[in-house]
Amino acid sequence: MSELTVTAMRFGILALLWAFVFSIVGVMRGDLYGARVVSRGTGRNARVASREQAARPARARRNSLSHLAVIEGSMRGITLPLSEGGILIGRNPECTLVLTDDFASGRHARIYAEGDQWFLDDLGSTNGTFVGHQRVGEHVPIGEGARIRIGTTVLEMRK
Amino acid sequence: MRRLAHHDPRGVLRLVTAITTEHPRTRRGTELILLVLAVGLVLLAYADVALVMDGRLPTDLLPMGAGFGVIVLAFHLVLRWKAAYADPMLLPIATVLNGLGLVMIHRLDIAAGDDIGQGAAVRQLMWSALAVIMAIALFFVLPDHRRLRRYTFTFALAGIVLLMMPLLPVLGKNINGNRIWIGLGPFSFQPSEIAKILLIVFFASYLVQTRDALSLVGKRFLGLPLPRARDLGPILVAWLASLAVLVFESDLGTSLLFFGVFVGMLYVATERRSWIVIGLGLFLVGCYTAYLLFAHFRSRVVLWQDPFTPGYSDQLAKGLMGMASGGLFGTGLGAGHPEFTYFANSDFIIASFGEELGLVGLMAIILLYALLVERGLRTALAARDGFGKLLATGLAFSLALQCFVVIGGVTRVIPLTGLTTPFLAAGGSSLLANWVVVSILLRISDQARRPLNETPPSLGSDETQAVKMVKTR
């Protein structure tokens, strides 16, 4: 086999190896810039939330409530979408919203939907779940702007 | 879709950012493209070896390529079916590394004059197929990585039993001064590779339960928050166990790997630097004791300081000379003489690649390892549950540490220890273990990237049932 072919293949392998490395880095780069990182602060969050809604009208059906935001406590600034299956809140790693709050129970509370209405259940927590200043039990209807306090964390229902 | 995470400057484990992308993308198409590139690269290398060493294209290029492609494609299809949101880069990287390892082992078989049907390459190929089948099977037996938590202490026990198995009189085999093998008929197996995974699962599960006690209580000393004496128990047990491996099996590499991974996971779980200080201190004490006690270990240190010391093994020196002769671009596959080094296809496969692909090729390989580890740590960041985070961190860190110990040993950064180069080196047990690691990482990453409303009903069904009970009460 000619010297030229061998040399071409030798450098071809190195080139292809690096091409492979760069395509992987390229995919990673795409992941980085393809994602929008939601920064804290209510103003921008609200804008992002409304844009999300515009993108997905299906979600807007349920009473137009779509997000749960943490507005006080060590996790302030986080929002999470209200999913069909409901949200489990607590310190247990299995929860949807895992709180780093010493005053929260392992499985503290649950938010779920029935028809067009969202409800809150306190799951027998030690320090209680409060809506406003009222300690609540089970099947408590919650609407937009409802403030839910769990330990030192305050959550708000948002559109 | 949005992935939920929580950004907390205090540490990695609780570090979460709310990331929003426009649409949830499974990225399986990207994976397929990368896989085609990966298989193409391996086949090009295979053809090149035959071209240089036999002067013609290999006759079995097509069946080989088809076989390799089918195995990889099968994995890809299983991912589409069982874990559509899994990380798209893990499988292609593992494929390239495994394939290049096969090519190099095959090339060394030819150099050694081994019959192709009898050589190490065929064994490695069979192990690769078996390993991929095991990795695929894992997707069927393990629909959720959190199920592993149910067997926390079973895994710990099994891990320790596997680790100590080579010491059994009949099963254990002493090969080249290391008692780390068990023999089953014609097969020998290195159980510490499987024990590694079991123990990482155990560490992750144990640390998720106990990290609060380990990180919150304790006094400060010299600016470092020190843990309580009784919380030191686990780290001391891990230290003693790895010392036992070192003393009875004279396996420095495995011992270093276990202890390193444990300390690393302890640090990630508790976010307290004092564990690293304590761990490094214990490690140095262990090293110094081993240096005083074992001639085996002393000779490694002597060779590390001067690989040309007369009267010692010239393996390290030969590896270094090989890499030096490769230079920047290497001699080209099949054109060098990596077979001059002992264990050129296992312990010193990195030196073989350094010789034939040069610094340029070796850097690409090291970068592939770095990317593999990065994907593992990225999975840990994105995982929603603490156990998944710790497990992914531990697995990724074990890969990183293993690469550092092996490549560092061969390139004389640290004293040489016997650990296998993940995916590249000849050796079935290591290959099997590494594919299982990739499989677990894929499983965790699938759950981490999967949008919340698409979470399969099997996940968290325990929670839902519990809530239903509360509601009906």
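In what follows, chains carry the letters A, B, and so on, assigned in the order in which the sequence lines appear, proteins first and then strands, with residues in each chain numbered from 1.
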Asker: Should A:L17 and B:L100 count as side-chain neighbours, where that means a heavy-atom distance under 4.5 Å?
Answerer: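 With C-beta onward as the side chain, the pair touches.
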Asker: Need one label for B:L44: side chain, backbone, both or neither, based on atoms under 4.5 Å from any heavy atom in chain A.
Answerer: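 Its backbone and side chain both get close to chain A.
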Asker: Sort A:L14 into side chain, backbone, both or neither according to what part of it lies under 4.5 angstrom from a heavy atom of chain B.
Answerer: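 A:L14 touches chain B through side-chain heavy atoms alone.
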Asker: Is there side-chain contact between A:V25 and B:L367, with at least one heavy-atom pair below 4.5 Å?
Answerer: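 A:V25 does not reach B:L367 side chain to side chain.
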Asker: Given that the side chain runs from C-beta out, which part of B:A38 has a heavy atom under 4.5 Å from chain A: side chain, backbone, both or neither?
Answerer: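 When you check distances to chain A, atoms from both the backbone and side chain of B:A38 fall under 4.5 Å.
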Asker: For the atom pair CG (B:L51) and OG1 (A:T5), what is the distance rounded to the nearest 0.5 Å?
Answerer: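 B:L51 atom CG to A:T5 atom OG1 measures 7.0 Å (nearest 0.5 Å).
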Asker: Please determine whether the number of non-hydrogen atoms from other residues, nucleotides or ligands lying under 6.0 Å from atom CZ of A:F130 exceeds 12.
Answerer: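 Atom CZ in A:F130 is crowded, with more than 12 foreign heavy atoms closer than 6.0 Å.
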Asker: Check side chain to side chain contact (heavy atoms under 4.5 Å, CB included) between A:E72 and all other residues, then give those that pass, not counting sequence neighbours.
Answerer: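 With neighbours one apart ignored, the set is A:V154.
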Asker: Which value, rounded to the nearest 0.5 Å, describes the distance between A:I13 atom CD1 and B:L357 atom CG?
Answerer: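 Answer for the CD1-CG pair, A:I13 versus B:L357, is 7.0 Å.
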Asker: Pick one of side chain, backbone, both or neither for B:V360, based on which atoms fall under 4.5 Å of a heavy atom in chain A.
Answerer: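 For B:V360, backbone and side chain are both near chain A.
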Asker: Does any backbone or side-chain atom of B:E374 lie under 4.5 Å from a heavy atom of chain A? Answer side chain, backbone, both or neither.
Answerer: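 For B:E374, the contact with chain A is made by the side chain alone.
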Asker: Determine the option with the most heavy-atom pairs under 4.5 angstrom with chain A, choosing from B:V208, B:T30, B:L368.
Answerer: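 Option with the top pair count is B:L368.
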Asker: Pick one of side chain, backbone, both or neither for B:L371, based on which atoms fall under 4.5 Å of a heavy atom in chain A.
Answerer: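 B:L371 touches chain A through side-chain heavy atoms alone.
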Asker: Please assess B:T331 against A:R10 for the test side chain to side chain contact (heavy atoms under 4.5 Å, CB included), listing each intermediate value before the final yes or no.
Answerer: CA-CA 8 Å; B:T331 56; A:R10 180 184 148 202; over 6 Å; no
Asker: Is the count of non-hydrogen atoms from other residues, nucleotides or ligands lying under 6.0 Å from A:F11 atom CZ greater than 12?
Answerer: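 Counting other residues, nucleotides and ligands, CZ of A:F11 exceeds 12 neighbours.
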Asker: Kindly compute the distance separating CG (B:L34) from OG (A:S23), expressed to the nearest 0.5 Å.
Answerer: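 That separation rounds to 5.5 Å.
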Asker: Give, for atom CG of B:D385 and atom OG1 of A:T96, the distance between the pair rounded to the nearest 0.5 Å.
Answerer: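 So the gap between those two atoms works out to 11.5 Å.
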Asker: For A:V27 and B:R27, what are the C-alpha separation, side-chain angles and deciding distance, and is it a side chain to side chain contact (heavy atoms under 4.5 Å, CB included)?
Answerer: CA-CA 9 Å; A:V27 175; B:R27 307 307 297 261; 3.6 Å; yes
